[in-house]
There are 2 protein chains.
Amino acid sequence: MPETPTPSSEENASQTVRALLRLREMILDGELSAGERISEPVVAELTGISRTPIRTALVRLQEEGLLEPIRSGGFRVRAFSLDEIRDAIEIRGTMEGLAARLAAERGVSSERLARLTACVDEIDAVLADDSGLSDTRFAAYVAGNARFHELLEQACDSDVLRRQLDRAKSLPFASPNGFLRVQAVAPDALNTLRIANAQHRALVEALSAREGSRAEALMREHARIAQRNLHATLANPGIKALIPGASLIVDS
Amino acid sequence: MPETPTPSSEENASQTVRALLRLREMILDGELSAGERISEPVVAELTGISRTPIRTALVRLQEEGLLEPIRSGGFRVRAFSLDEIRDAIEIRGTMEGLAARLAAERGVSSERLARLTACVDEIDAVLADDSGLSDTRFAAYVAGNARFHELLEQACDSDVLRRQLDRAKSLPFASPNGFLRVQAVAPDALNTLRIANAQHRALVEALSAREGSRAEALMREHARIAQRNLHATLANPGIKALIPGASLIVDS
DNA sequence: GTACGCCTGGATGTATACATAAAAAATATA
DNA sequence: TATATTTTTTATGTATACATCCAGGCGTAC
(Lines give C-alpha, C1' and ligand atoms only; values in the text may rest on other atoms or scores of the structure.)
Protein backbone atom coordinates (compact mmCIF):
# COMPACT_ATOMS: atom_id res chain seq x y z
CA MET A 1 0.00 0.00 0.00
CA PRO A 2 2.71 2.54 0.80
CA GLU A 3 4.36 1.59 -2.46
CA THR A 4 4.30 4.35 -5.04
CA PRO A 5 2.49 2.92 -8.03
CA THR A 6 3.67 5.72 -10.31
CA PRO A 7 6.65 4.79 -12.44
CA SER A 8 7.90 8.33 -12.06
CA SER A 9 11.45 9.41 -11.42
CA GLU A 10 11.10 8.52 -7.77
CA GLU A 11 11.49 4.82 -8.36
CA ASN A 12 14.84 3.85 -7.02
CA ALA A 13 15.69 7.07 -5.26
CA SER A 14 16.70 7.27 -1.65
CA GLN A 15 14.15 7.97 1.02
CA THR A 16 15.61 11.44 1.46
CA VAL A 17 15.10 12.28 -2.20
CA ARG A 18 11.61 10.86 -2.13
CA ALA A 19 10.79 12.93 0.92
CA LEU A 20 12.25 16.03 -0.73
CA LEU A 21 10.23 15.61 -3.91
CA ARG A 22 7.04 14.75 -2.08
CA LEU A 23 7.34 17.62 0.37
CA ARG A 24 8.08 20.13 -2.37
CA GLU A 25 5.07 18.87 -4.24
CA MET A 26 2.89 19.18 -1.16
CA ILE A 27 4.07 22.73 -0.57
CA LEU A 28 3.68 23.93 -4.13
CA ASP A 29 0.31 22.26 -4.56
CA GLY A 30 -0.98 23.86 -1.41
CA GLU A 31 -1.46 20.61 0.49
CA LEU A 32 0.59 22.37 3.11
CA SER A 33 -0.58 25.94 3.24
CA ALA A 34 1.52 29.02 3.72
CA GLY A 35 2.42 29.78 7.29
CA GLU A 36 1.49 26.29 8.42
CA ARG A 37 3.82 24.51 10.75
CA ILE A 38 5.04 21.23 9.36
CA SER A 39 4.56 18.32 11.70
CA GLU A 40 7.19 15.70 11.11
CA PRO A 41 5.17 12.78 12.49
CA VAL A 42 2.23 13.73 10.31
CA VAL A 43 4.36 13.95 7.19
CA ALA A 44 6.01 10.68 8.14
CA GLU A 45 2.63 9.04 8.44
CA LEU A 46 1.43 10.57 5.19
CA THR A 47 4.44 9.50 3.19
CA GLY A 48 5.34 6.28 4.88
CA ILE A 49 8.87 7.57 5.33
CA SER A 50 10.51 7.72 8.73
CA ARG A 51 11.31 11.02 10.37
CA THR A 52 15.04 10.93 9.70
CA PRO A 53 14.98 11.39 5.91
CA ILE A 54 12.06 13.79 6.23
CA ARG A 55 14.10 15.88 8.59
CA THR A 56 17.00 16.24 6.17
CA ALA A 57 14.55 17.07 3.39
CA LEU A 58 13.17 19.83 5.59
CA VAL A 59 16.63 21.26 6.08
CA ARG A 60 17.18 21.22 2.33
CA LEU A 61 13.86 22.96 1.73
CA GLN A 62 14.78 25.60 4.24
CA GLU A 63 18.00 26.30 2.39
CA GLU A 64 15.98 26.36 -0.80
CA GLY A 65 13.80 29.05 0.72
CA LEU A 66 10.44 27.29 0.75
CA LEU A 67 10.48 26.80 4.51
CA GLU A 68 11.46 29.05 7.36
CA PRO A 69 12.61 27.92 10.78
CA ILE A 70 10.43 28.47 13.82
CA ARG A 71 12.23 29.82 16.84
CA SER A 72 10.87 27.18 19.14
CA GLY A 73 11.83 24.45 16.70
CA GLY A 74 10.64 22.97 13.45
CA PHE A 75 9.67 24.72 10.24
CA ARG A 76 6.74 26.46 8.67
CA VAL A 77 5.84 26.99 5.04
CA ARG A 78 7.13 30.32 3.82
CA ALA A 79 4.67 32.90 2.57
CA PHE A 80 5.74 35.27 -0.19
CA SER A 81 4.55 38.81 -0.68
CA LEU A 82 4.30 40.32 -4.13
CA ASP A 83 7.31 42.47 -3.35
CA GLU A 84 9.33 39.40 -2.56
CA ILE A 85 8.31 37.74 -5.79
CA ARG A 86 9.29 40.87 -7.67
CA ASP A 87 12.69 40.80 -5.96
CA ALA A 88 13.17 37.12 -6.65
CA ILE A 89 12.58 37.73 -10.35
CA GLU A 90 14.97 40.66 -10.28
CA ILE A 91 17.62 38.48 -8.67
CA ARG A 92 17.17 35.83 -11.31
CA GLY A 93 17.50 38.41 -14.07
CA THR A 94 20.62 39.83 -12.50
CA MET A 95 22.24 36.44 -12.12
CA GLU A 96 21.37 35.39 -15.63
CA GLY A 97 22.73 38.73 -16.77
CA LEU A 98 25.97 38.00 -14.98
CA ALA A 99 26.16 34.55 -16.50
CA ALA A 100 25.56 36.02 -19.94
CA ARG A 101 28.17 38.72 -19.51
CA LEU A 102 30.84 36.33 -18.26
CA ALA A 103 30.05 33.89 -21.03
CA ALA A 104 30.33 36.63 -23.63
CA GLU A 105 33.52 38.07 -22.20
CA ARG A 106 35.20 34.71 -21.90
CA GLY A 107 33.89 33.28 -25.11
CA VAL A 108 31.52 30.41 -25.76
CA SER A 109 32.65 27.38 -27.71
CA SER A 110 31.24 27.01 -31.20
CA GLU A 111 29.52 23.76 -30.22
CA ARG A 112 27.67 25.50 -27.44
CA LEU A 113 26.78 28.41 -29.67
CA ALA A 114 25.46 25.94 -32.21
CA ARG A 115 23.33 24.25 -29.58
CA LEU A 116 21.98 27.62 -28.45
CA THR A 117 21.17 28.60 -32.02
CA ALA A 118 19.47 25.28 -32.65
CA CYS A 119 17.41 25.77 -29.52
CA VAL A 120 16.27 29.23 -30.62
CA ASP A 121 15.47 27.89 -34.07
CA GLU A 122 13.37 25.12 -32.61
CA ILE A 123 11.40 27.55 -30.50
CA ASP A 124 10.83 29.75 -33.51
CA ALA A 125 9.58 26.73 -35.42
CA VAL A 126 7.14 25.99 -32.62
CA LEU A 127 5.86 29.55 -32.77
CA ALA A 128 5.84 29.88 -36.56
CA ASP A 129 2.24 28.91 -37.21
CA ASP A 130 -0.22 31.76 -36.65
CA SER A 131 -3.01 29.49 -35.55
CA GLY A 132 -3.96 29.25 -31.91
CA LEU A 133 -1.49 28.22 -29.23
CA SER A 134 -2.39 24.60 -28.60
CA ASP A 135 -1.42 22.75 -25.48
CA THR A 136 1.20 20.73 -27.27
CA ARG A 137 2.74 23.80 -28.87
CA PHE A 138 2.76 25.52 -25.51
CA ALA A 139 4.37 22.51 -23.88
CA ALA A 140 6.99 22.52 -26.62
CA TYR A 141 7.70 26.18 -25.94
CA VAL A 142 8.05 25.52 -22.22
CA ALA A 143 10.52 22.74 -22.90
CA GLY A 144 12.48 24.86 -25.35
CA ASN A 145 12.57 27.80 -22.99
CA ALA A 146 13.81 25.67 -20.12
CA ARG A 147 16.46 24.24 -22.38
CA PHE A 148 17.64 27.65 -23.50
CA HIS A 149 18.09 28.89 -19.98
CA GLU A 150 19.87 25.68 -19.09
CA LEU A 151 22.23 26.13 -22.02
CA LEU A 152 23.00 29.67 -20.93
CA GLU A 153 23.81 28.35 -17.49
CA GLN A 154 26.24 25.90 -19.04
CA ALA A 155 27.73 28.53 -21.32
CA CYS A 156 29.19 30.53 -18.45
CA ASP A 157 31.14 27.42 -17.53
CA SER A 158 31.40 28.20 -13.85
CA ASP A 159 30.29 25.84 -11.13
CA VAL A 160 29.98 28.48 -8.44
CA LEU A 161 27.87 30.65 -10.70
CA ARG A 162 25.73 27.69 -11.70
CA ARG A 163 25.06 26.91 -8.09
CA GLN A 164 24.00 30.45 -7.33
CA LEU A 165 21.88 30.60 -10.46
CA ASP A 166 20.15 27.35 -9.59
CA ARG A 167 19.34 28.79 -6.25
CA ALA A 168 17.95 31.96 -7.80
CA LYS A 169 15.73 29.87 -10.03
CA SER A 170 14.63 27.47 -7.33
CA LEU A 171 11.70 29.55 -6.17
CA PRO A 172 8.87 28.60 -8.50
CA PHE A 173 7.87 32.14 -9.35
CA ALA A 174 11.45 33.13 -10.05
CA SER A 175 12.05 30.29 -12.47
CA PRO A 176 12.13 31.19 -16.18
CA ASN A 177 9.06 29.03 -16.68
CA GLY A 178 7.21 30.31 -13.63
CA PHE A 179 4.83 32.71 -15.31
CA LEU A 180 4.59 31.11 -18.73
CA ARG A 181 1.11 29.78 -18.11
CA VAL A 182 0.00 33.28 -17.22
CA GLN A 183 1.59 34.57 -20.38
CA ALA A 184 -0.09 31.87 -22.45
CA VAL A 185 -3.63 32.93 -21.63
CA ALA A 186 -3.10 36.51 -22.78
CA PRO A 187 -4.76 37.38 -26.10
CA ASP A 188 -1.43 38.33 -27.67
CA ALA A 189 0.37 35.33 -26.19
CA LEU A 190 1.92 34.19 -29.43
CA ASN A 191 3.37 37.62 -29.98
CA THR A 192 4.91 37.98 -26.55
CA LEU A 193 6.42 34.52 -26.81
CA ARG A 194 7.95 35.48 -30.14
CA ILE A 195 9.37 38.62 -28.61
CA ALA A 196 10.85 36.55 -25.81
CA ASN A 197 12.52 34.27 -28.31
CA ALA A 198 13.80 37.28 -30.22
CA GLN A 199 15.58 38.19 -27.03
CA HIS A 200 16.97 34.66 -26.88
CA ARG A 201 18.28 35.06 -30.39
CA ALA A 202 19.78 38.44 -29.64
CA LEU A 203 21.56 36.92 -26.68
CA VAL A 204 23.16 34.25 -28.83
CA GLU A 205 24.26 37.01 -31.18
CA ALA A 206 25.79 38.93 -28.30
CA LEU A 207 27.53 35.84 -26.95
CA SER A 208 28.91 35.10 -30.37
CA ALA A 209 30.19 38.66 -30.82
CA ARG A 210 31.52 38.66 -27.26
CA GLU A 211 29.46 41.70 -26.40
CA GLY A 212 29.33 41.29 -22.64
CA SER A 213 27.45 44.42 -21.74
CA ARG A 214 24.77 43.77 -24.32
CA ALA A 215 24.41 40.16 -23.24
CA GLU A 216 23.93 41.24 -19.64
CA ALA A 217 21.37 43.90 -20.49
CA LEU A 218 19.44 41.47 -22.62
CA MET A 219 19.02 38.88 -19.89
CA ARG A 220 18.02 41.51 -17.38
CA GLU A 221 15.38 42.80 -19.73
CA HIS A 222 14.35 39.26 -20.52
CA ALA A 223 13.51 38.65 -16.89
CA ARG A 224 11.28 41.68 -16.90
CA ILE A 225 8.84 39.70 -18.98
CA ALA A 226 8.11 37.80 -15.81
CA GLN A 227 7.59 41.09 -14.00
CA ARG A 228 5.02 42.07 -16.60
CA ASN A 229 3.30 38.75 -16.18
CA LEU A 230 3.27 39.28 -12.43
CA HIS A 231 1.50 42.58 -12.94
CA ALA A 232 -0.94 40.98 -15.34
CA THR A 233 -1.77 38.51 -12.61
CA LEU A 234 -2.47 41.36 -10.23
CA ALA A 235 -4.90 42.93 -12.65
CA ASN A 236 -6.71 39.66 -13.16
CA PRO A 237 -6.64 37.54 -10.00
CA GLY A 238 -8.61 34.81 -11.72
CA ILE A 239 -5.44 33.59 -13.38
CA LYS A 240 -3.41 33.52 -10.18
CA ALA A 241 -3.89 29.77 -9.97
CA LEU A 242 -1.77 29.40 -13.11
CA ILE A 243 1.32 30.28 -11.14
CA PRO A 244 3.10 27.32 -9.56
CA GLY A 245 3.06 27.68 -5.82
CA ALA A 246 0.21 30.18 -6.02
CA SER A 247 -0.94 29.19 -2.56
CA LEU A 248 2.28 30.60 -1.11
CA ILE A 249 1.51 34.08 -2.33
CA VAL A 250 -0.02 36.42 0.16
CA ASP A 251 -0.99 40.00 -0.51
CA SER A 252 0.87 42.51 1.53
CA MET B 1 36.59 16.66 29.08
CA PRO B 2 34.40 17.00 26.04
CA GLU B 3 33.05 20.19 27.55
CA THR B 4 34.08 23.29 25.67
CA PRO B 5 35.89 25.43 28.16
CA THR B 6 35.67 28.48 25.93
CA PRO B 7 32.87 30.85 26.93
CA SER B 8 32.31 31.57 23.27
CA SER B 9 28.99 31.86 21.51
CA GLU B 10 28.65 28.09 21.42
CA GLU B 11 27.61 27.83 25.04
CA ASN B 12 23.95 27.04 25.05
CA ALA B 13 23.53 26.29 21.38
CA SER B 14 22.03 23.11 20.08
CA GLN B 15 24.21 20.20 19.14
CA THR B 16 23.47 20.88 15.48
CA VAL B 17 24.73 24.46 15.73
CA ARG B 18 27.78 23.32 17.64
CA ALA B 19 28.51 20.72 14.98
CA LEU B 20 28.05 23.30 12.25
CA LEU B 21 30.43 25.79 13.82
CA ARG B 22 33.00 23.18 14.68
CA LEU B 23 32.93 21.58 11.26
CA ARG B 24 33.21 24.91 9.48
CA GLU B 25 36.15 25.75 11.67
CA MET B 26 37.79 22.43 10.92
CA ILE B 27 37.33 22.93 7.20
CA LEU B 28 38.54 26.52 7.07
CA ASP B 29 41.51 25.82 9.32
CA GLY B 30 42.55 22.90 7.18
CA GLU B 31 42.03 20.25 9.84
CA LEU B 32 39.99 18.61 7.13
CA SER B 33 41.85 19.04 3.91
CA ALA B 34 40.42 19.76 0.50
CA GLY B 35 39.13 16.73 -1.33
CA GLU B 36 39.11 14.64 1.81
CA ARG B 37 36.09 12.51 2.52
CA ILE B 38 34.46 13.36 5.80
CA SER B 39 33.93 10.35 8.00
CA GLU B 40 30.92 10.89 10.21
CA PRO B 41 32.02 8.46 12.93
CA VAL B 42 35.41 10.14 13.11
CA VAL B 43 33.91 13.61 13.40
CA ALA B 44 31.45 12.31 15.97
CA GLU B 45 34.33 10.90 17.99
CA LEU B 46 36.34 14.10 17.61
CA THR B 47 33.54 16.40 18.66
CA GLY B 48 31.71 14.23 21.14
CA ILE B 49 28.51 14.86 19.21
CA SER B 50 26.40 12.03 17.89
CA ARG B 51 26.06 11.39 14.18
CA THR B 52 22.57 12.82 13.83
CA PRO B 53 23.35 16.52 14.42
CA ILE B 54 26.61 16.14 12.54
CA ARG B 55 24.70 14.83 9.60
CA THR B 56 22.39 17.82 9.41
CA ALA B 57 25.37 20.14 9.77
CA LEU B 58 26.95 18.38 6.80
CA VAL B 59 23.82 18.98 4.74
CA ARG B 60 23.91 22.65 5.67
CA LEU B 61 27.58 22.91 4.74
CA GLN B 62 26.85 21.31 1.41
CA GLU B 63 24.19 23.92 0.70
CA GLU B 64 26.68 26.53 1.83
CA GLY B 65 29.12 25.26 -0.75
CA LEU B 66 31.97 24.10 1.47
CA LEU B 67 31.20 20.42 0.91
CA GLU B 68 30.28 18.46 -2.14
CA PRO B 69 28.38 15.20 -2.17
CA ILE B 70 30.09 11.96 -3.15
CA ARG B 71 28.16 9.83 -5.58
CA SER B 72 28.44 6.74 -3.45
CA GLY B 73 27.37 8.63 -0.36
CA GLY B 74 28.74 11.11 2.11
CA PHE B 75 30.59 14.33 1.51
CA ARG B 76 34.04 15.59 0.74
CA VAL B 77 35.63 18.96 1.36
CA ARG B 78 35.28 21.15 -1.69
CA ALA B 79 38.42 22.42 -3.40
CA PHE B 80 38.35 25.81 -5.08
CA SER B 81 40.31 26.81 -8.12
CA LEU B 82 41.47 30.39 -8.60
CA ASP B 83 38.90 30.77 -11.35
CA GLU B 84 36.16 29.76 -8.97
CA ILE B 85 37.33 32.24 -6.37
CA ARG B 86 37.36 34.94 -9.02
CA ASP B 87 33.80 34.04 -9.96
CA ALA B 88 32.66 33.96 -6.36
CA ILE B 89 33.97 37.48 -5.87
CA GLU B 90 32.28 38.58 -9.06
CA ILE B 91 29.01 37.13 -7.86
CA ARG B 92 29.30 38.93 -4.58
CA GLY B 93 30.00 42.21 -6.35
CA THR B 94 27.05 41.71 -8.63
CA MET B 95 24.68 40.92 -5.79
CA GLU B 96 25.89 43.84 -3.72
CA GLY B 97 25.47 45.97 -6.82
CA LEU B 98 21.91 44.80 -7.13
CA ALA B 99 21.24 45.50 -3.48
CA ALA B 100 22.71 48.98 -3.88
CA ARG B 101 20.69 49.73 -6.99
CA LEU B 102 17.42 48.59 -5.48
CA ALA B 103 18.11 50.49 -2.30
CA ALA B 104 18.85 53.64 -4.27
CA GLU B 105 15.86 53.29 -6.55
CA ARG B 106 13.47 52.60 -3.71
CA GLY B 107 14.96 55.05 -1.30
CA VAL B 108 16.73 54.52 1.98
CA SER B 109 15.33 55.93 5.19
CA SER B 110 17.18 58.85 6.69
CA GLU B 111 17.97 56.83 9.82
CA ARG B 112 19.66 54.18 7.74
CA LEU B 113 21.52 56.77 5.70
CA ALA B 114 22.68 58.34 8.93
CA ARG B 115 23.94 55.01 10.20
CA LEU B 116 25.78 54.42 6.94
CA THR B 117 27.35 57.86 7.06
CA ALA B 118 28.39 57.35 10.66
CA CYS B 119 29.97 54.04 9.72
CA VAL B 120 31.98 55.61 6.92
CA ASP B 121 33.04 58.43 9.22
CA GLU B 122 34.20 55.98 11.83
CA ILE B 123 36.28 54.10 9.30
CA ASP B 124 37.82 57.33 8.08
CA ALA B 125 38.68 58.20 11.65
CA VAL B 126 40.41 54.85 12.03
CA LEU B 127 42.42 55.51 8.90
CA ALA B 128 43.15 59.19 9.59
CA ASP B 129 46.51 58.82 11.25
CA ASP B 130 49.37 58.39 8.79
CA SER B 131 51.41 56.26 11.14
CA GLY B 132 51.66 52.53 10.55
CA LEU B 133 48.64 50.30 10.43
CA SER B 134 48.63 48.69 13.85
CA ASP B 135 46.79 45.50 14.65
CA THR B 136 44.12 47.31 16.60
CA ARG B 137 43.56 49.84 13.85
CA PHE B 138 43.34 47.04 11.32
CA ALA B 139 40.87 45.16 13.50
CA ALA B 140 38.80 48.32 13.77
CA TYR B 141 38.80 48.63 10.00
CA VAL B 142 37.70 45.03 9.59
CA ALA B 143 34.83 45.58 12.01
CA GLY B 144 33.80 48.80 10.31
CA ASN B 145 33.96 47.24 6.89
CA ALA B 146 31.82 44.31 7.95
CA ARG B 147 29.35 46.69 9.47
CA PHE B 148 29.14 48.79 6.33
CA HIS B 149 28.39 45.82 4.15
CA GLU B 150 25.84 44.62 6.67
CA LEU B 151 24.15 48.03 6.62
CA LEU B 152 23.97 47.93 2.85
CA GLU B 153 22.33 44.55 3.06
CA GLN B 154 19.74 45.99 5.39
CA ALA B 155 19.25 49.06 3.24
CA CYS B 156 17.79 47.10 0.35
CA ASP B 157 15.09 45.94 2.75
CA SER B 158 14.39 42.67 1.01
CA ASP B 159 14.51 39.31 2.70
CA VAL B 160 14.93 37.29 -0.47
CA LEU B 161 17.81 39.46 -1.58
CA ARG B 162 19.39 39.29 1.85
CA ARG B 163 19.27 35.53 1.75
CA GLN B 164 20.92 35.39 -1.64
CA LEU B 165 23.52 37.95 -0.60
CA ASP B 166 24.34 36.03 2.54
CA ARG B 167 24.89 33.00 0.42
CA ALA B 168 27.15 34.90 -1.95
CA LYS B 169 29.21 36.07 1.00
CA SER B 170 29.31 32.72 2.73
CA LEU B 171 32.38 31.44 0.95
CA PRO B 172 35.28 32.86 2.94
CA PHE B 173 37.14 34.25 -0.04
CA ALA B 174 34.02 35.92 -1.38
CA SER B 175 33.25 37.70 1.84
CA PRO B 176 33.97 41.43 1.97
CA ASN B 177 36.57 40.78 4.63
CA GLY B 178 38.09 37.77 2.94
CA PHE B 179 41.18 39.39 1.49
CA LEU B 180 41.64 42.23 3.93
CA ARG B 181 44.60 40.59 5.62
CA VAL B 182 46.26 40.30 2.24
CA GLN B 183 45.55 43.94 1.58
CA ALA B 184 46.92 44.94 4.96
CA VAL B 185 50.41 43.64 4.33
CA ALA B 186 50.89 45.65 1.16
CA PRO B 187 53.20 48.64 1.47
CA ASP B 188 50.46 51.04 0.41
CA ALA B 189 47.84 49.36 2.60
CA LEU B 190 46.66 52.53 4.26
CA ASN B 191 46.09 54.13 0.90
CA THR B 192 44.11 51.28 -0.58
CA LEU B 193 41.96 51.09 2.52
CA ARG B 194 41.26 54.80 2.23
CA ILE B 195 40.30 54.33 -1.38
CA ALA B 196 37.97 51.54 -0.39
CA ASN B 197 36.30 53.76 2.14
CA ALA B 198 36.02 56.53 -0.43
CA GLN B 199 33.95 54.07 -2.42
CA HIS B 200 31.86 53.45 0.66
CA ARG B 201 31.24 57.16 0.98
CA ALA B 202 30.40 57.51 -2.68
CA LEU B 203 27.86 54.74 -2.30
CA VAL B 204 26.12 56.53 0.54
CA GLU B 205 26.04 59.61 -1.67
CA ALA B 206 24.48 57.63 -4.50
CA LEU B 207 21.94 56.03 -2.19
CA SER B 208 21.02 59.39 -0.82
CA ALA B 209 20.61 60.89 -4.31
CA ARG B 210 18.72 57.78 -5.45
CA GLU B 211 21.21 57.22 -8.23
CA GLY B 212 20.65 53.51 -8.81
CA SER B 213 22.99 52.96 -11.69
CA ARG B 214 25.84 54.71 -9.96
CA ALA B 215 25.24 52.79 -6.76
CA GLU B 216 25.35 49.51 -8.63
CA ALA B 217 28.51 50.37 -10.52
CA LEU B 218 30.21 51.44 -7.33
CA MET B 219 29.60 48.16 -5.51
CA ARG B 220 30.72 46.17 -8.51
CA GLU B 221 33.92 48.12 -8.68
CA HIS B 222 34.30 47.87 -4.93
CA ALA B 223 34.36 44.09 -5.16
CA ARG B 224 37.15 44.30 -7.69
CA ILE B 225 39.44 45.31 -4.85
CA ALA B 226 39.19 41.71 -3.75
CA GLN B 227 40.08 40.62 -7.28
CA ARG B 228 43.21 42.78 -7.11
CA ASN B 229 44.10 41.25 -3.77
CA LEU B 230 43.61 37.82 -5.25
CA HIS B 231 46.10 38.66 -7.97
CA ALA B 232 48.51 40.06 -5.41
CA THR B 233 48.34 36.73 -3.64
CA LEU B 234 49.19 34.97 -6.86
CA ALA B 235 52.29 37.11 -7.33
CA ASN B 236 53.42 36.48 -3.77
CA PRO B 237 52.36 32.99 -2.63
CA GLY B 238 53.96 33.58 0.76
CA ILE B 239 50.93 35.56 1.84
CA LYS B 240 48.44 32.94 0.74
CA ALA B 241 48.04 31.80 4.31
CA LEU B 242 46.46 35.15 5.14
CA ILE B 243 43.33 34.13 3.27
CA PRO B 244 40.74 32.34 5.39
CA GLY B 245 40.22 28.86 4.06
CA ALA B 246 43.53 29.00 2.22
CA SER B 247 43.85 25.23 2.43
CA LEU B 248 40.82 24.87 0.17
CA ILE B 249 42.52 26.67 -2.68
CA VAL B 250 44.09 24.49 -5.30
CA ASP B 251 45.91 25.78 -8.36
CA SER B 252 44.28 24.86 -11.61
C1' DG C 1 55.49 -10.06 -11.47
C1' DT C 2 50.88 -8.89 -12.47
C1' DA C 3 46.07 -9.23 -12.56
C1' DC C 4 41.93 -10.86 -10.64
C1' DG C 5 38.76 -11.94 -7.06
C1' DC C 6 37.38 -12.51 -2.45
C1' DC C 7 36.89 -10.87 2.04
C1' DT C 8 37.06 -7.90 5.88
C1' DG C 9 36.59 -3.35 7.85
C1' DG C 10 34.19 0.65 7.87
C1' DA C 11 30.84 4.12 6.39
C1' DT C 12 26.32 5.62 4.99
C1' DG C 13 21.31 5.76 5.07
C1' DT C 14 17.35 4.69 7.69
C1' DA C 15 14.39 3.52 11.48
C1' DT C 16 13.33 3.99 16.14
C1' DA C 17 13.42 5.09 21.18
C1' DC C 18 13.46 8.61 24.53
C1' DA C 19 13.88 13.06 27.08
C1' DT C 20 12.70 17.71 26.99
C1' DA C 21 9.89 21.33 25.84
C1' DA C 22 6.13 23.50 23.57
C1' DA C 23 1.27 23.72 22.30
C1' DA C 24 -3.40 22.57 23.04
C1' DA C 25 -7.14 21.25 25.77
C1' DA C 26 -9.70 21.09 29.72
C1' DT C 27 -10.80 22.69 34.08
C1' DA C 28 -11.35 25.93 37.54
C1' DT C 29 -12.14 30.76 38.80
C1' DA C 30 -13.41 35.62 38.83
C1' DT D 1 -18.67 34.78 29.70
C1' DA D 2 -14.03 35.56 29.64
C1' DT D 3 -9.64 34.50 31.76
C1' DA D 4 -6.16 32.16 34.22
C1' DT D 5 -4.14 27.69 35.34
C1' DT D 6 -3.23 23.02 35.24
C1' DT D 7 -3.06 18.85 32.73
C1' DT D 8 -2.53 16.25 28.72
C1' DT D 9 -1.02 15.61 24.37
C1' DT D 10 2.12 16.19 20.79
C1' DA D 11 6.49 17.69 18.43
C1' DT D 12 11.28 18.39 18.28
C1' DG D 13 16.18 17.30 18.95
C1' DT D 14 19.30 13.74 19.90
C1' DA D 15 21.32 9.24 20.48
C1' DT D 16 21.68 4.70 18.93
C1' DA D 17 21.02 0.21 16.51
C1' DC D 18 21.14 -2.09 12.26
C1' DA D 19 21.15 -3.34 7.30
C1' DT D 20 23.24 -2.34 3.01
C1' DC D 21 26.84 -0.98 0.39
C1' DC D 22 31.42 0.73 -0.87
C1' DA D 23 36.54 0.64 -0.49
C1' DG D 24 40.74 -1.29 0.18
C1' DG D 25 43.81 -5.14 1.30
C1' DC D 26 45.26 -9.74 1.00
C1' DG D 27 45.75 -13.95 -1.12
C1' DT D 28 45.71 -16.78 -5.12
C1' DA D 29 46.14 -17.99 -9.72
C1' DC D 30 48.25 -17.33 -14.06
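Owing to the predicted nature of the structure, the values given are computational and were not obtained by experimental measurement.
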Are OP1 or OP2 of dA11(D) and a side-chain N or O of S39(A) less than 4.0 angstrom apart?
yes
Side chain of S72(A) - closest among dA15(D), dA22(C), dT12(D)
dA22(C)
Separation of dA11(D) C1' from E36(A) CD (nearest whole Å)
14 Å
Nearest-nucleotide wise, let me know which of I70(A) and R51(B) is further upstream toward the 5' end of DNA chain C.
R51(B)
Taking the side chain of P53(B) as its heavy atoms from C-beta onward, which of dA11(C), dA15(D), dT14(C) lies nearest to it?
dA15(D)
Using whole Å, what does the distance between atom P of nucleotide dA11(C) and atom CD1 of I54(B) come to?
13 Å
Between T16(A) and dT14(C), is there a contact of a side-chain N or O with OP1 or OP2 at under 4.0 Å?
yes
R181(B) charged N/C atom sitting above F179(B) aromatic ring, 6.0 Å / 45°:
no
R55(A) CZ - dA15(D) P separation (whole Å)
12 Å
To the nearest Å, give me how far apart CZ (R18(A)) and C1' (dG13(C)) are.
12 Å
Mapping F75(B) and R37(A) onto DNA chain C by nearest heavy atom, which one lands closer to the 5' end?
F75(B)
Parallel, tilted or perpendicular for H200(A) and H149(A), by the 30°/60° rule?
perpendicular
Give the intermediate values and the outcome of side chain to side chain contact (heavy atoms under 4.5 Å, CB included) for residues Q62(B) and E63(A).
CA-CA 10 Å; Q62(B) 184 208 339; E63(A) 301 288 340; over 6 Å; no
Just checking T56(A): base, sugar-phosphate only, or nothing, at a heavy-atom cut-off of under 4.0 Å?
nothing
For I38(A), report the nucleic acid contact type (base, sugar-phosphate, nothing); a contact means any heavy atom under 4.0 Å.
sugar-phosphate
With no hydrogens and no angle check, do the side chains of Q15(A) and R18(A) hold a donor and an acceptor under 3.5 Å apart?
yes
Could you tell me the separation between the CD atom of E45(B) and the P atom of dT16(D), rounded to a whole number of Å?
12 Å
Tell me the interatomic distance from R71(A), atom CZ, to dG13(D), atom P, rounded to whole angstroms.
14 Å
Atom-pair distance (CD on E40(B); P on dC22(D)), nearest Å
16 Å
Report the distance from atom CD1 of I49(B) to atom C1' of dT16(D), rounded to the nearest whole Å.
16 Å
Would you tell me if any nitrogen or oxygen in the side chain of S50(A) comes within less than 4.0 Å of OP1 or OP2 on dA15(C)?
yes
Evaluate R147(A) against V142(A) for side chain to side chain contact (heavy atoms under 4.5 Å, CB included), listing each step before the verdict.
CA-CA 9 Å; R147(A) 183 166 156 72; V142(A) 170; over 6 Å; no
